[in-house]
Novice: 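The structure is given below, and queries will be raised subsequently.
Everything quoted here is computed from the prediction, not taken from an experiment. So you know, we letter chains A, B, ... as the sequences are listed, proteins then strands, and number each from 1.
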Number of protein chains: 2
Amino acid sequence: MPEPVERVTLIDVLESRLRGDIVAGLYPPGTLLPPERKLAEDYGVTRASIKNTLVRLEQLGLIETRHGVGSRVRDFRSYGGTEVLPWLVGQTGAGLLPDVFEARRTIGALVARMAAERAKPEDALELRMRLNDVETAKSAAEAHDAENEVHRAVARITGNQVFRFLANSLLNGYEPVRRTLDAAFDPQWTASALAPLVEAIAAGDPEAAETAALTYLRATESPMLNLLTMRLEEEER
Amino acid sequence: MPEPVERVTLIDVLESRLRGDIVAGLYPPGTLLPPERKLAEDYGVTRASIKNTLVRLEQLGLIETRHGVGSRVRDFRSYGGTEVLPWLVGQTGAGLLPDVFEARRTIGALVARMAAERAKPEDALELRMRLNDVETAKSAAEAHDAENEVHRAVARITGNQVFRFLANSLLNGYEPVRRTLDAAFDPQWTASALAPLVEAIAAGDPEAAETAALTYLRATESPMLNLLTMRLEEEER
DNA sequence: GTGGCTCAGTGGCTGAGCCACTGAGCCTCT
DNA sequence: AGAGGCTCAGTGGCTCAGCCACTGAGCCAC
């Protein structure tokens with residue numbers, strides 16, 4: 001089951017290092033980062049590379065750069081958006097996971113209910129197709145991908161583009177640990193666990209959809225949690 | 001009431017132009033952007049500036065850059081996260097606003113309920129302080145800022161960091177049109193409209209908090225909508 | 001004590017250039 | 001034919017060297 005190799009650029013490395021330093025508190029919120037010229041010298045790279053890195057960090061909402069002044073660290077816990085989720089889990093340990101699960105569960109139930117209220121016949125068709133993709137997946141990894149597509153389809157069926165964005169943001173939160181979680185998605189099991197949700201939405205039954213979503217999301221939590229804590233422990237060794 | 005001047009860098013301009021071209025469909029999802037050297041020539045800037053711009057767009061999830069190949073446009077409507085909200089409203093017109101409002105309303109109610117379930121005495125204290133900040137604000141702009149802090153405080157009280165991120169993401173969505181919306185936040189009116197929500201959370205009454213949140217959020221929708229459509233019409237002229 | 005000046009420090013942006021990777025087309029050997 | 005290897009043009013990754021523009025602190029003159 002070959003996976004595409006992860007390409008890591010210099011900027012990726014620099015971003016990760018600086019990000020880590022910020023999260024670890026080496027540069028507390030409100031303080032200035034060292035000047036670009038000094039960072040470049042310290043890390044042994046050009047200012048251009050540092051600049052590119054800082055552009056990323058600024059886009060992430062971690063810093064604010066001002067001409068003639070410097071890059072000031074922002075308080076991302078108070079003012080950061082969902083963009084920070086993808087790397088925050090890996091960088092702060094398992095403490096964040098219960099929060100992620102709770103958000104996934106409550107918002108998932110909300111979205112499922114709304115989708116059931118608004119599903120059209122062709123939506124039912126698409127959902128069943130996606131469910132079939134899960135069931136006939138040839139590996140857990142494929143089933144995992146197909147499962148995500150079910151989530152996206154449900155969000156799309158709400159007819160609300162913002163819910164699609166929200167769903168994607170939460171799904172993106174798992175992206176860095178995606179392959180770790182594959183093992184939790186046995187095709188058969190996942191498909192049968194998802195079936196009640198798909199049918200409730202197809203039938204246009206909001207109550208049943210909400211319940212089914214809660215049941216499904218809860219059921220997947222503990223296997224995911226186990227896999228992730230195992231991985232985090234491994235990384236500590 | 002002087003506002004800090006907006007500094008616009010070359011990269012800001014380039015980002016906005018390229019973003020606009022992508023959203024407008026000049027570069028459809030799946031296609032490659034022109035090479036950096038050509039973009040640099042076309043726009044009359046250096047490759048370094050183009051590169052910085054592309055780094056931003058990549059962070060935004062709009063493109064995917066691969067060494068030796070180019071920058072491929074991603075389908076942000078299907079796979080984009082909440083990061084795109086801030087500029088999407090301005091770039092696609094008022095069509096997105098009802099979706100934003102619905103998300104704000106339903107998630108706001110959810111968060112309010114959860115905050116009421118978990119509020120501690122000191123949280124009640126903080127909420128009342130924030131409410132007081134709204135009431136005693138010396139201008140609509142100040143009241144608006146204070147109102148946002150109430151939202152952030154409610155999200156914080158849930159004890160779930162992910163809800164804080166979600167709330168911030170939705171609030172960030174308004175950032176570019178922030179000052180346009182100021183007029184909707186008369187200090188007195190806003191404070192009295194928020195009071196039931198604050199009291200319900202302070203009293204630990206989830207049902208009342210949910211209802212109060214829905215009422216408040218609905219009440220603010222039409223003034224905000226009016227201001228925004230007025231602004232969009234003005235921009236068209 | 002107000003306003004203007006200077007200056008060191010900092011980010012913004014340029015221009016030129018080399019290196020590394022990708023993919024398509026060709027060529028060989030079987 | 002087909003499989004494997006080669007070449008090469010095109011593209012992004014990154015460097016080096018440098019000038020310009022902005023900021024803020026300190027000084028000075030009025």
Side-chain angles (χ1 to χ4, degrees), chain A residues 2-19 21-22 26-74 76, chain B residues 2-19 21-22 26-74 76:
Chain A
E3 287 294 325
V5 179
E6 281 266 332
R7 254 71 161 201
V8 180
T9 69
L10 176 60
I11 302 180
D12 290 332
V13 177
L14 289 172
E15 185 207 326
S16 160
R17 298 258 290 250
L18 275 172
R19 216 204 297 135
D21 287 345
I22 290 176
L26 181 57
Y27 307 118
T31 62
L32 286 174
L33 249 44
E36 295 182 357
R37 287 167 174 87
K38 178 155 195 325
L39 285 174
E41 197 189 347
D42 290 352
Y43 286 113
V45 300
T46 353
R47 239 187 97 199
S49 301
I50 290 291
K51 176 62 186 166
N52 276 299
T53 306
L54 295 183
V55 165
R56 272 210 207 171
L57 293 180
E58 185 167 25
Q59 190 68 43
L60 262 180
L62 286 191
I63 62 170
E64 227 170 349
T65 301
R66 282 182 53 199
H67 191 179
V69 181
S71 294
R72 183 156 264 113
V73 178
R74 302 203 341 162
F76 74 91
Chain B
E3 287 293 325
V5 179
E6 282 264 334
R7 254 71 162 199
V8 180
T9 69
L10 176 60
I11 301 180
D12 290 332
V13 177
L14 289 172
E15 185 207 326
S16 160
R17 297 260 291 250
L18 275 172
R19 216 204 299 135
D21 287 344
I22 291 175
L26 181 58
Y27 308 117
T31 62
L32 286 173
L33 250 42
E36 294 182 358
R37 288 168 175 86
K38 178 156 196 321
L39 285 174
E41 197 189 348
D42 289 353
Y43 286 112
V45 300
T46 351
R47 240 187 98 200
S49 302
I50 290 291
K51 176 62 185 166
N52 275 300
T53 307
L54 295 184
V55 165
R56 272 211 207 171
L57 293 180
E58 185 167 25
Q59 190 68 42
L60 262 180
L62 287 191
I63 61 171
E64 226 171 349
T65 301
R66 283 181 52 198
H67 191 180
V69 181
S71 294
R72 197 168 293 280
V73 178
R74 301 202 341 161
F76 73 91

Novice: Hey, does A:Ser49 reach any base, or is it just sugar-phosphate, or nothing, if we go heavy atoms under 4.0 Å?
Specialist: sugar-phosphate

Novice: For a 4.5 angstrom cut-off between non-hydrogen side-chain atoms, does B:Arg7 reach A:His67?
Specialist: no

Novice: Roughly how far, to the nearest 0.5 Å, is the OG1 atom of A:Thr65 from the CG atom of A:Leu54?
Specialist: 5.5 Å

Novice: Is it true that A:Glu64 and A:Arg72 have a side-chain N and a carboxylate O under 4.0 angstrom from each other?
Specialist: no

Novice: Taking atom P of C:dG15 as reference, at what distance in whole Å does atom CD of B:Glu41 sit?
Specialist: 12 Å

Novice: Are B:Asp21 and B:Arg17 within salt-bridge range, i.e. N to O under 4.0 Å?
Specialist: no

Novice: Report the residue (A:Arg7 or B:Thr9) whose heavy-atom-nearest nucleotide on DNA chain C is the more 5′ of the two.
Specialist: B:Thr9

Novice: Encode nucleotides 3-11 of chain C as B, S and - characters from 5' to 3', where the letter depends on protein heavy atoms closer than 4.0 Å: B to the base, S only to sugar-phosphate, - to neither.
Specialist: ------BBB

Novice: Give B:Thr46 one of three labels, base, sugar-phosphate or nothing, depending on what nucleic acid heavy atoms sit under 4.0 Å from its own.
Specialist: base

Novice: Do the side chains of A:Arg19 and A:Asp12 get close enough for a salt bridge, i.e. N-O under 4.0 angstrom?
Specialist: no

Novice: Rounding to an integer number of Å, can you tell me how far B:Ile11 CD1 sits from C:dG12 P?
Specialist: 7 Å

Novice: Please give, in whole Å, the distance from D:dC22 P to B:Glu6 CD?
Specialist: 16 Å

Novice: Taking the side chain from A:Arg47 and the backbone from A:Arg37, do they hold a donor-acceptor pair closer than 3.5 Å?
Specialist: no

Novice: Check A:Glu15 with A:Arg56, please: is the shortest side-chain N to carboxylate O separation under 4.0 Å?
Specialist: yes

Novice: So do A:Ile22 and A:Ile63 actually touch side chain to side chain, heavy atoms under 4.5 Å?
Specialist: yes

Novice: Hunt down any stem DNA chain D takes part in, defined as 3 or more consecutive Watson-Crick or G-U pairs whose two distances are each under 3.5 Å.
Specialist: C:1-30 with D:1-30

